Amino acid sequence: MTDFFNTTVGMSYGWAWFVATIIGILVIALPLMLAVAMIIYADRKIWAAMALRRGPNVVGPFGLLQSFADGLKVFLQETIVPAAANRGLFLLAPIITFTVALIVWAVVPFGAGVVLADINVGLLYVLAASSLGVYGVILSGWASNSKYPFYSALRAAAQMVSYEVAIGFILISVVMWAGTFNLSGIVMAQQSTLNLHINAFGINPLLFPMAVMFFISSLAETQRAPFDLTEAESELVAGYQTEYSSMSFALFWLGEYANVLLMCALNATLFWGGWLPPIDWAPLYYVPGIIWLFAKMLFFFFVFSWVKATVPRYRYDQLMRLGWKVFLPLSLFWVFLVSGVLMLMRVPVAG
Amino acid sequence: MIQAIAFYLFAIIVIGSGAMTISSRNPVHSVMWLILAFFNAAGLMVLVGAEFIAMLLVIVYVGAVAVLFLFVVMMLDIEVAQLRAGIARYAALGLALAAGLLIEIVIGIKAWSAGTLQVSRRLAPTDTAVPNIQAMGQLLYTRYLFVFEAAGFVLLVAMIGAIVLTHRQRGGVRGQNISRQNARRPEDATRNVQPPVGQGVQL
């Protein structure tokens, strides 16, 4: 697109790059907002169906416009900043949550070469950006100057830092198998895994346990049930969001679901072939890659909702035990195992 | 042009947020300014082509160290006035450090401008076409393998040391036995009884 603005429209290279990047960002961010609105509706419908309820069905056909009605409602509400709150950080916190949820999408490949920033440290960028997510929660809890949000912030900080360690090791084993940190490279490395004509690392018996652990860790990382202790309504009112109202609350809400969608995309990209069709069979490549990616993301989102509807919440010490005493040693061991197998197979590592 | 704009933007924010880190009154604000400084320093590293170091800076310092820092600072009840009193006491030391750093910068610039850089005399120049993750890997795991391993070993010792220093065995604690908790079935824990009408349950 930079070339188009540079040669056809006749801008200088700098401006052409600038305009092309801005358009690229908008092309990802705006549909993402729409997708978040629809995915909230889907979440509520799936949850309702599992509880034998109807779910939202009043606003628009089948209640499809429910999320937009909710959005309009919070938009028209008054923004209340508690008198005792630390005003600057209180307003900064939801902005951080929302921004961090958006910036990771820059490296997610939607198709062959369809990616905003095709950087060779893509996966490290994902880790770096997701480690920022914790600041929105900690700051909102602290700046609210209220007890329950603060408890929630402490829980969130401990939880997200713990699971990031395990996620890091899981990603390392994927990176070793793929031989690259670039997300497009990881997708391409999954083509016909083990020569079985299936495009997914997940079918590799060595990486399947990692896929399962990554899915569970992504539940913990996005603070979805059964790890939603940061907003456990039975203990902490609404956790770190308790003091928020209007758009500042809506930003948390959007950021949370954008993060969930992102984790679905990462699950699909890292272990289940990303934009490649599930089976390595030529006619399937005529379907655009983005459709395969969306199908996989929707599947993972359904599983996220399914877990939310059926699994009871973890106790906090159990959560910590799972993170530090089960996932961390297991994923560390798996890094040894994968590198050992790669050594034995004498895979020619690049470089 | 865009690179120049980005450089000056990042550089100004690094210096500004560094200044705010030491001058802001609220310790939590200080940590937030520090995080902003880390972040923009990472931006500068991306500009000079060291994207791997930049990402590690964000993951390690912003993602882990600063979180713990923020954690501690939020829990502490720091008296700002007390901190202010310390400034006068340590002013001499601070100025000495600043002077030392200034001298180092001047020596560095003088040495750099003394003559052209002799690329062949540099230690292990790497190919510019190699991405810097691979370049670092090739150096760390071949030429500097033992230094790298030794650094890892020092970190391990430090970690064990921290655990030894802080871990206290307390007596009389009823710890959890996870496997026994998991092995417990409803049949072991509950019992159905059908007491006659008018009588309580006999336990």
Side-chain angles (χ1 to χ4, degrees), chain A residues 12-18 21 86 88-89 92-93 96 100 107 117 119-135 137-139 141-143 145 150 153-154 156-158 160-162 164-165 168 171 175 179-182 185 315 317-318 321-322 325-326 349-351, chain B residues 1-6 24 26-29 31-33 35-36 38-39 42-43 45-46 49-75 126-127 129-139 141-142 175-176 178-179 181-182:
Chain A
S12 72
Y13 183 79
W15 278 108
W17 177 85
F18 183 73
T21 309
N86 190 317
L89 291 182
L92 186 66
I96 291 179
V100 166
V107 295
I119 53 178
N120 61 9
V121 287
L123 209 52
L124 285 176
Y125 176 83
V126 170
L127 266 181
S130 70
S131 67
L132 288 177
V134 68
Y135 284 107
V137 179
I138 299 188
L139 283 181
W142 181 79
N145 204 354
F150 192 58
L154 295 183
M160 291 175 83
V161 171
S162 316
E164 246 151 43
V165 180
L171 296 187
V175 165
T180 174
F181 271 103
N182 182 315
R315 218 167 55 208
D317 62 311
Q318 292 173 331
R321 177 177 169 272
L322 186 70
K325 293 187 180 170
V326 180
V349 178
Chain B
M1 219 270 282
I2 283 179
Q3 281 176 346
I5 293 174
S24 79
N26 189 328
V28 174
H29 290 184
V31 177
M32 291 315 292
W33 286 114
I35 291 165
L36 191 62
F38 281 147
F39 215 67
M45 286 177 187
V46 171
E51 69 267 14
F52 180 63
I53 305 283
M55 290 305 151
L56 281 196
L57 183 77
V58 175
I59 292 172
V60 174
Y61 283 92
V62 180
V65 175
V67 170
L68 294 181
F69 223 58
L70 194 63
F71 215 86
V72 172
V73 165
M74 284 197 306
M75 308 287 259
T126 48
D127 188 1
V130 177
N132 62 54
I133 296 179
Q134 281 180 24
M136 284 193 66
Q138 280 165 9
L139 278 183
Y141 291 102
T142 53
Q176 291 188 53
I178 302 291
S179 52
Q181 283 181 6
N182 287 342

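All figures in this text were calculated on a predicted structure; none of them were measured in a lab. In what follows, chains carry the letters A, B, and so on, assigned in the order in which the sequence lines appear, proteins first and then strands, with residues in each chain numbered from 1.
Note: H29(B) and W142(A) have perpendicular aromatic rings, judged against thresholds of 30 and 60 degrees for the angle between ring planes.
The most heavy-atom pairs under 4.5 Å with chain B, out of I119(A), L132(A), V134(A), come from L132(A). In terms of heavy-atom pairs under 4.5 Å with chain A, the best-connected choice from V58(B), L70(B), I178(B) is I178(B).
Within 6.0 Å of OH in Y61(B) there are 12 or fewer heavy atoms belonging to other residues, nucleotides or ligands. The 12-atom threshold is not exceeded at CZ of F39(B), counting heavy atoms of other residues, nucleotides or ligands nearer than 6.0 Å.
Partners of D317(A) according to the side-chain hydrogen bond (donor to acceptor under 3.5 Å, both in side chains) rule, which considers only residues two or more places apart in sequence or in another chain, are R315(A), Q176(B). Residues meeting the side-chain hydrogen bond (donor to acceptor under 3.5 Å, both in side chains) test with Q3(B), sequence neighbours left out: none.
A distance-only check finds no donor-acceptor pair linking the side chain of Y135(A) to the backbone of M32(B) [under 3.5 Å].
Only the side chain of I35(B) has a heavy atom closer than 4.5 Å to any heavy atom of chain A. For F71(B), the part lying under 4.5 angstrom from a heavy atom of chain A is the side chain only. Contact annotation for L127(A): both backbone and side-chain heavy atoms come within less than 4.5 Å of a heavy atom of chain B. Of the two parts of L154(A), the backbone and the side chain both hold a non-hydrogen atom closer than 4.5 Å to a non-hydrogen atom of chain B. Contact of A66(B) with chain A is made through backbone and side chain together, with heavy-atom distances under 4.5 Å.
When all heavy atoms are compared, the tightest approach of V28(B) to L89(A) is CG1-CD1, 3.9 Å. Residue E164(A) comes nearest to G63(B) through the heavy atom pair OE1-O, 4.4 Å, listed as atom of the first residue, atom of the second, then distance.
If you take CE on M55(B) and CG on L123(A), they are separated by 11.0 Å, rounding to the nearest 0.5 Å.
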